[in-house]
Amino acid sequence: MAEDKLPTRAQDFSEWYNQLVLKAQLADYAPVRGCMIVRPYGWALWENIQSALDRRFKATGHQNVAFPLLIPKSFIEKEKHHVKGFSPELAVVTIGGGEELAEPLVIRPTSETIIGHMWSKWIQSYRDLPVLMNQWNSVVRWELRTKLFLRTLEFYWQEGHTAHATREEAVEETKQMLDVYTDFAVNDAAIPVIPGAKSDAEKFAGAEVTYAIEALMGDGKALQSGTSHFLGQNFAQAFDVKYLDQNGQLQYCWTTSWGLSTRFIGAIIMVHGDDQGLVMPPKLAPTQVVIVPIYKTDEEKASVLKTAKELKAQLVKANLRVTLDEREGFSPGWKFNDWEMRGVPVRVELGPRDVAKQAAMLARRDKPGREGKFSASLADLPATIEKLLAEIHQSLFDKALAFRRANTHETLNYDDFKKAVETGFAFAFWCGSGDCEASIKEETRATMRCIPLDPDAVLGHGSASGSGACVYCGKPAAHRAIFGRAY
RNA sequence: CGGGGCGUAGCGCAGCCUGGUAGCGCGCCUGCCUUGGGCGCAGGAGGUCCCGAGUUCAAAUCUCGGCGCCCCGACCA
């Protein structure tokens with residue numbers, strides 16, 4: 001239920017976020033520290049994210065699979081970077097059926113190892129390749145500091161895993177899936193992202209190259225919203241994943257993995273949300289249209305509800321996700337606020353006056369108050385609403401992109417850089433050295449978010465120059481990189 | 001793991017210092033009234049005061065021990 005008002009984002013962004021997640025009933029705290037219960041409204045959003053991604057995965061030839069939750073501990077230890085990266089955050093099972101286990105099992109933090117193990121059995125010939133798999137599951141990483149959706153001990157995600165005959169093909173796959181994530185973020189979630197490569201310090205434990213989509217949240221902090229890894233032959237060698245090529249030569253496979261998690265829900269909240277609450281991107285919104293009936297007398301109620309039900313049927317037929325709010329005992333005004341807090345893109349207000357003239361009042365969530373309200377005739381409401389949803393999607397994206405650009409500064413010296421990361425992204429030349437990166441992190445709390453694949457798209461206009469000096473050490477720069485404080 | 005805060009009705013909190021009938025707001029239930037931007041009135045239900053031990057005639061309150069959660073920091077493909 002909606003009760004008191006939220007703190008504003010300006011007052012306390014973190015508290016705004018926490019309260020919103022609880023009040024909008026997206027999720028709740030579990031009895032175990034750091035764990036999250038995803039409630040129906042949050043899960044419905046996740047299901048829409050899943051289907052938007054899943055159809056893209058299928059369209060690019062991937063098949064879904066299910067690998068087990070428990071992995072022999074020794075598997076994790078086979079790839080040296082992987083074990084180093086993950087061992088501090090593993091949950092380990094040492095007792096089963098009341099007996100101490102001969103070999104401890106870990107709860108998967110990700111499935112590269114067990115998949116590699118099985119691939120070594122399944123893959124023998126170049127004819128078996130490529131292998132293109134994905135699984136929807138949850139994983140566990142024992143994080144110290146948690147926050148609903150953004151970082152929890154257990155989280156839901158998809159992990160794609162592929163094996164290829166050549167380096168080129170695997171690199172191609174890695175980039176293709178990064179494109180899939182970008183396309184999803186932009187076209188379904190209305191979130192502008194910067195696709196780019198991670199530094200060695202920030203990449204996945206065991207990857208040769210990690211790519212990510214980075215988004216800027218409403219408080220100026222960065223959120224890595226999806227990742228795609230080129231794993232080289234690291235896991236293939238560790239798990240002996242080999243195939244016989246056309247020339248009868250035994251070769252190691254080249255593998256990739258890529259994932260996007262319920263963390264993305266955090267991005268949706270923090271990119272689009274406002275002081276009234278959530279703002280759902282229309283294509284992912286669990287409810288796209290809410291109908292709020294208004295009446296005083298029983299006769300009015302009967303006639304309004306009859307029309308409302310017909311209207312709902314009409315909208316459902318047009319493939320819209322519709323909720324008719326028939327709850328008794330709540331005033332229309334209360335319902336308006338409630339659905340606004342939950343971020344429903346379009347509200348239809350239907351009262352006796354509207355029924356009389358075969359019309360309804362429409363209100364769009366992205367334009368608060370009178371400005372976003374107008375009357376539309378019932379006859380062509382499905383078409384009107386479909387058009388409106390498309391407009392809302394576009395305006396959410398435009399607004400988010402404008403915000404990101406306004407808070408992304410091309411910085412040529414360290415003073416400007418320090419100022420820029422206070423409020424958003426700094427776009428700066430970087431020599432590529434891990435020492436500079438570490439010093440920057442130490443001094444500014446900002447990390448290297450990514451080296452954009454398309455640097456010119458970052459600012460949306462031509463930038464100062466194509467080459468320059470490292471913003472920290474002044475040596476000739478190898479890269480132009482995005483820095484920011486991150487979640 | 002360091003620093004801070006907190007644990008009392010479903011939620012948010014007061015009471016604790018100075019021991020003596022467990023309270024307020026919201027929510028919930030019933031009825032009436034209202035409903036086009038978070039209505040109102042009346043009545044009602046709901047408590048192992050985080051757990052354990054101690055002091056005391058008497059503990060939510062004092063003492064000791066434990067557990068848990070939140071925030072900040074460290075840490076975090």
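All chains are named by letter (A, B, ...) in the order of the sequence lines, taking the proteins before the strands, and each is independently numbered beginning at 1.
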Identify whether any heavy atom of [X] sits under 4.0 Å from a base atom; if not, whether one sits that close to sugar-phosphate; answer base, sugar-phosphate or nothing.
X: A/Lys373; result: base
X: A/Glu15; result: nothing
X: A/Gly351; result: base
X: A/Pro109; result: nothing
X: A/Gln224; result: base

From [options], pick the nucleotide closest to the side chain of [X]?
X: A/Glu349; options: B/G36, B/C28, B/C39; result: B/G36
X: A/Arg347; options: B/G37, B/C28, B/G38; result: B/G37
X: A/Glu89; options: B/G73, B/G38, B/C76; result: B/C76
X: A/Tyr29; options: B/G38, B/C70, B/U35; result: B/C70

*Rounding to the closest angstrom, what is the interatomic distance between B/C13 and B/C32 at atom C1'?*
31 Å
*asked:* Could you work out, with side chain to side chain contact (heavy atoms under 4.5 Å, CB included) as the rule, every residue matching A/Ala481, not counting sequence neighbours?
replied: A/Trp430, A/Met448, A/Ile451, A/Phe483
_Which residues pass the salt bridge (Lys or Arg N to Asp or Glu O under 4.0 Å) test with A/Glu172, not counting sequence neighbours?_
none
*List for me each residue that meets salt bridge (Lys or Arg N to Asp or Glu O under 4.0 Å) alongside A/Lys306, sequence neighbours excluded, and say none if there are none.*
A/Glu310
*Residues from residues 130-152 of chain A sitting under 4.0 Å of RNA chain B, heavy atoms only?*
A/Arg141, A/Glu143, A/Leu144, A/Arg145, A/Arg151
*For A/Phe235, which of A/His161, A/His229, A/His82, A/His117 qualifies under ring-ring contact (aromatic ring centres under 6.0 Å, His included)?*
A/His82
*What residues, two or more places apart in sequence or in another chain, satisfy side-chain hydrogen bond (donor to acceptor under 3.5 Å, both in side chains) together with A/Glu168?*
none
*If you pin A/Ser261 and A/Gly34 to their nearest nucleotides in RNA chain B, which one's is more 5'?*
A/Gly34
*Ignoring backbone atoms, test whether A/Ser331 places a side-chain nitrogen or oxygen under 4.0 Å from the OP1 or OP2 oxygen of B/U34.*
no
*Salt-bridged, A/Asp274 to A/Lys399, with N to O below 4.0 Å?*
no
*Check if the side chain of A/Asp354 and the base of B/G36 share a donor-acceptor pair of N or O atoms closer than 3.5 Å.*
yes
_Listed partners of A/Tyr414 passing ring pair (Phe, Tyr, Trp, His ring centres under 6.0 Å), at least two apart_ = A/Phe417, A/Tyr472
